[in-house]
2 protein chains.
Amino acid sequence: MNIGEASKASGVSVKMIRYYEAIGLIAPPLRTGSGYRVYSDNDVHTLRFISRARDLGFSVEQMETLLALWRDRSRASAHVKAIALEQIAVLEEKARALKAMSDTLRHLAEHCHGDDRPDCPIIDGFAGPAELVTPKRRSRFGVTGTDRKVRRP
Amino acid sequence: MNIGEASKASGVSVKMIRYYEAIGLIAPPLRTGSGYRVYSDNDVHTLRFISRARDLGFSVEQMETLLALWRDRSRASAHVKAIALEQIAVLEEKARALKAMSDTLRHLAEHCHGDDRPDCPIIDGFAGPAELVTPKRRSRFGVTGTDRKVRRP
DNA sequence: ATGATCCCTCCCACAGTGGGAAGGTCAATA
DNA sequence: TATTGACCTTCCCACTGTGGGAGGGATCAT
């Protein structure tokens, strides 16, 4: 099948399929004489796997490992579990940081009467002393991980 | 004071101060004869405001509004509150999505014995039918917002 | 005067995703 | 058969927000 069909069947956008191929996450598929990419059911299966893993917040780098493990019938489940647990910890830490932020904001908002007068504890909280506003400084939390390396060599 | 000092005093990195200037979030400061940027205490105050807002997950675009409101002594607190509440909702939705992900993963991990046998419900969950693995499809949640426009004209 | 420590600008990288231009292909329909 | 419309191709660019680093100038203390 063509890329559009594979996209619909897997839930990965056409753009992303090509991107994953370019960065080497998936193997280049066969081509027709005129250069169209041709995907098998098996390829779609892999794409679907990728889609699920993305939805669970795994990075492309982690998916590389996960895919290798998926294909390796002799791998130990302990290995996969370790990666999953690591990911769970990351996810939970991000959720925690997010919650701390919204709690702080909510606290500020609760003390703001929200009418047409200019006094506003939210704005004052931003401008005033740090302790009032920062739950825990410097937790920027990019959604995808930190310092990873160049992958296209 | 020079940019390095302003950076230390505000908690915004030197790189970011220049970036915020380039995109027009902050006004270009005065320069010495040799081209060094010179910041006043007031500038540092603004920078600190920005630093706090960033820590609470506001995007640059939101900060533009927030800064304008901060400087506008006649603004209505309702306006600020509305922005804050919006941000709270976004933050909470992200936290919720993150939690759903980690719950799903944890569920999968709990059923994985984690030894050297290859059976692994985590991997199987990725490869198998969608219902088992996706808490709620297609919630990718970039940390900063979606479709915003070019700002350097 | 020399070296250390600033600062300047400019370019590049990254994740991950989409937009779109310029062009080739394929199937169906008029 | 010729045209149309839906696909496909590659290539480049955008974005957010942040850091790295090169190559060169400025300031300051010893």
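Each chain gets a letter, A, B and so on, in the order its sequence line appears, and its residues count up from 1.
- In the set C/dG24, D/dT18, C/dG16, C/dG24 carries the atom at the smallest distance from any side-chain atom of A/Y36.
- Rounding to whole angstrom units, CZ of residue B/R31 and P of D/dT27 are separated by 13 Å.
- Residue B/S13 is classed as a sugar-phosphate contact, given heavy-atom separations below 4.0 Å to backbone atoms only.
- When the C1' atom of C/dT25 is taken as reference, atom CD1 of A/I3 falls 15 Å away, rounded to whole Å.
- By the 4.5 Å heavy-atom criterion applied to side chains, B/E21 and B/R37 are counted as neighbours.
- In terms of phosphate contacts, B/Y20 brings a side-chain nitrogen or oxygen within less than 4.0 Å of OP1 or OP2 of D/dT18.
- In this structure, B/R54 contributes its side chain and B/F58 its backbone to a donor-acceptor pair below 3.5 Å.
- C/dC7 atom P lies 12 Å from atom CE of B/M1, rounded to whole Å.
- No hydrogens or angles were tested; on distance alone, nothing pairs the side chain of B/K15 with the base of D/dG17 as donor and acceptor under 3.5 Å.
- The side chain of A/R18 places no N or O atom within less than 4.0 Å of a non-bridging phosphate oxygen (OP1 or OP2) of D/dC11.
- Atom C1' of nucleotide C/dT17 and atom CD1 of A/I23 are separated by 12 Å, given to the nearest angstrom.
- Closest to the side chain of A/R54, from the set D/dT10, D/dG17, C/dT17, is C/dT17.
- With D/dA26, C/dT9, D/dT9 as the candidates, the nucleotide lying closest to the side chain of B/S34 is D/dA26.
- Considering only side-chain atoms of B/R37, the nucleotide from D/dT9, C/dC26, C/dC8 that sits closest is C/dC8.
- Comparing atom distances between the B/N2 side chain and each of C/dA15, C/dC7, D/dG17 picks out C/dC7 as nearest.
- For B/D55 and D/dT18, the CG to C1' distance is 14 Å, given to the nearest whole Å.
- Here C/dC10 presents its P atom at 12 Å from CD of B/E21, a figure rounded to the nearest Å.
- Taking atom CE on B/M16 and atom P on D/dT16, their separation rounds to 12 Å, with Å as the unit.
- At a cut-off of 3.5 Å, with distance as the only test, no side-chain donor of B/D43 or B/T46 sits close to an acceptor on the other residue.
- If you take CE of B/M63 and P of D/dG17, they are 7 Å apart, rounded to a whole angstrom.
- Looking at B/E92 and A/K99, no side-chain N of the basic residue comes within less than 4.0 Å of a carboxylate O on the acidic one, giving no salt bridge.
- Using cut-offs of 30° and 60° on the angle between ring planes, the pair A/W70 and A/F49 is parallel.
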